[in-house]
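Inspection log for the structure reproduced underneath, given as structure tokens.
Computed from heavy atoms alone, side chains included, the values below leave out hydrogens, waters and symmetry copies. Please read these numbers as outputs of a predicted model, since none were measured by experiment.
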Amino acid sequence: MISVIIPCYNEIEVLQPLFERLTMAAASWNRPYEVLVVDDGSREPTWKLLQSIHERDPRWRVVRFARNFGHQTTVSAGLFYARGDAVIILDADLQDPPEELQRFIDKWQEGNEVVYAIRTQRKEGLLKRTLYALFYRMLGWLSDVRIPYDSGDFCLLDRKIVDLINAMPEQNRFVRGMRAWVGFRQVGVTYARAARAGGEPQYTLAKLIKLAVDGIFSFSTTPLRIVTYLGLIISSLSFFATFFTLLQRMFAPTFAQYGLGPVPGFATIVMSVLFLGGIQLVCLGVIGEYVGRIYDEVKRRPLWVVREMLDAESDTASLASEHRIGRNWKAE
């Protein structure tokens, strides 16, 4: 069986076209499938439309969060609740065409455990395209794991990969990095990324920056090494500057012959203090990012809280009494 995970947040303008196009595409797969929409705390009209879609086609299951937990957590919840032998992650905005999914399934049937999409063309503005390109190259340089360039969350995962990702306990999720970390046979499929089918982008610049930071700090300790090297370089320069100043004072006449005599200057001292102070704050910020992630991990809070679920098998609209809360529910 094929499971299709669709993270959703206030996507009412695109849900109906998505339902129609995905249903038409799935008709050619010739195998059973389910669609799992994870509603990341959307407004009420989106939930009403999802209820209507579930009533029309019970294969469309819906998990509704109690509040907004973020895109990567939403994807992780979809992986947790998916039941298929292969699981596909597909954004709701139709920038990733459902018609391309047959190619993913074909690659999976050839024996590949991970089939990820590589974007050869994007419809976003120049600034966003440039930032995406820089991010992937920087992540590739910093990361200890090879994460393919220009590959997002649009992918197909074999059941063994899904089980491995579900077993990973980290709180700050970066699914495409976790997907690369597990290994196995992975292959890329190129496609042209379309423009949004409707509505406003829900992934704001601030959310994209947070995702980039999570990706870098979750899969690399290189920033800590850079801070160490930077500290060594600045300390060495400071040592040589101090040594030079001492010689300058001791042999002032000699240095004066070459135009290097000691000159008292308040500006030089202020610039040096501000420069070193700025470097120290940057270093503390990098260390703070790692300490903050340690703080998140040791709290062991659940990743998400489910408010309601629409499932054909249980035929229930509320799971509040069962306390299905993130990974804690599975542990129980």
Side-chain angles (χ1 to χ4, degrees), residues 3-7 36 38 40 63 65 69-91 96 104 107-108 112-119 132 135-189 203 207-223 289-290 292-304 326-331:
S3 293
V4 181
I5 299 171
I6 302 177
L36 180 59
V38 184
D40 193 16
V63 176
F65 283 174
F69 284 89
H71 182 268
Q72 295 298 291
T73 299
T74 306
V75 172
S76 299
L79 294 175
F80 180 80
Y81 290 111
R83 299 184 292 225
D85 302 295
V87 179
I88 296 170
I89 301 173
L90 176 71
D91 282 341
D96 303 329
F104 289 63
K107 289 291 184 182
W108 173 58
N112 298 288
E113 284 96 350
V114 176
V115 185
Y116 56 85
I118 301 174
R119 301 154 178 161
Y132 273 122
F135 162 68
Y136 281 112
R137 273 104 193 128
M138 180 182 295
L139 182 62
W141 176 62
L142 293 175
S143 177
D144 303 323
V145 178
R146 183 187 173 274
I147 300 176
Y149 292 163
D150 304 315
S151 63
D153 293 322
F154 186 28
C155 66
L156 179 147
L157 306 175
D158 185 83
R159 168 48 59 180
K160 66 170 69 73
I161 307 298
V162 174
D163 291 340
L164 286 169
I165 293 177
N166 286 338
M168 296 182 188
E170 54 250 51
Q171 300 288 308
N172 296 284
R173 316 285 285 182
F174 187 64
V175 173
R176 67 197 71 170
M178 299 163 73
R179 179 186 72 201
W181 182 87
V182 297
F184 291 93
R185 292 184 60 182
Q186 305 200 8
V187 65
V189 174
Y203 236 132
K207 291 181 180 179
L208 289 172
I209 292 174
K210 182 183 182 303
L211 178 65
V213 171
D214 285 341
I216 291 172
F217 286 103
S218 296
F219 286 89
S220 176
T221 57
T222 303
E289 286 288 340
Y290 286 100
R293 279 157 174 73
I294 295 172
Y295 177 64
D296 285 339
E297 296 298 331
V298 299
K299 286 188 295 186
R300 303 301 298 161
R301 287 179 181 170
L303 293 177
W304 63 83
R327 229 184 305 278
N328 289 352
W329 168 71
K330 186 178 182 181

Quick one: side chain to side chain contact (heavy atoms under 4.5 Å, CB included) partners of Leu164, sequence neighbours excluded? Val182, Phe184
After noting the C-alpha distance and the side-chain angles of Leu303 and Phe69, does the key distance pass the side chain to side chain contact (heavy atoms under 4.5 Å, CB included) rule? CA-CA 8 Å; Leu303 293 177; Phe69 284 89; over 6 Å; no
Nearest heavy-atom neighbours spanning Gly78 and Leu36: O-CD2, 3.5 Å
In Å, rounded to the nearest 0.5 Å, how long is the span from CD1 of Ile89 to CD1 of Ile6? 11.5 Å
Which value, rounded to the nearest 0.5 Å, describes the distance between Leu157 atom CG and Ile5 atom CD1? 7.5 Å
Ile118 versus Gly188, closest heavy-atom pair with distance: CD1-CA, 4.0 Å
With Asp91, which residues qualify under side chain to side chain donor-acceptor pair (under 3.5 Å), at least two apart? His71
Which atom names give the shortest non-hydrogen contact between Gly84 and Ser3, and what distance separates them? N-OG, 2.7 Å
Measure the spacing between CD1 of Ile161 and CZ of Arg185 and express it to the nearest 0.5 Å. 12.0 Å
For residues Arg173 and Val75, determine if any side-chain heavy atom of one lies less than 4.5 Å from a side-chain heavy atom of the other. no
Check Trp181 against Met168 and note the closest heavy-atom contact, atom names and distance. CE3-CE, 3.3 Å
Can you confirm whether Asp85 sits close enough to Trp108 that some side-chain heavy atom of one is under 4.5 Å from a side-chain heavy atom of the other? yes
Can you find a pair of side-chain heavy atoms, one from Leu90 and one from Phe154, that are under 4.5 Å apart? yes
Testing the basics here: between Cys155 and Phe104, what is the closest heavy-atom pair and its distance to 0.1 Å? CA-CE2, 3.9 Å
For Asp40 and Phe65 the tightest heavy-atom approach is OD1-CD1, 3.2 Å
Checking Asn166 side chain against Leu79 main chain: does a donor-acceptor pair fall under 3.5 Å? yes
Val187: which residues meet the side chain to side chain contact (heavy atoms under 4.5 Å, CB included) condition with it, sequence neighbours left out? Lys107, Asn112, Val115
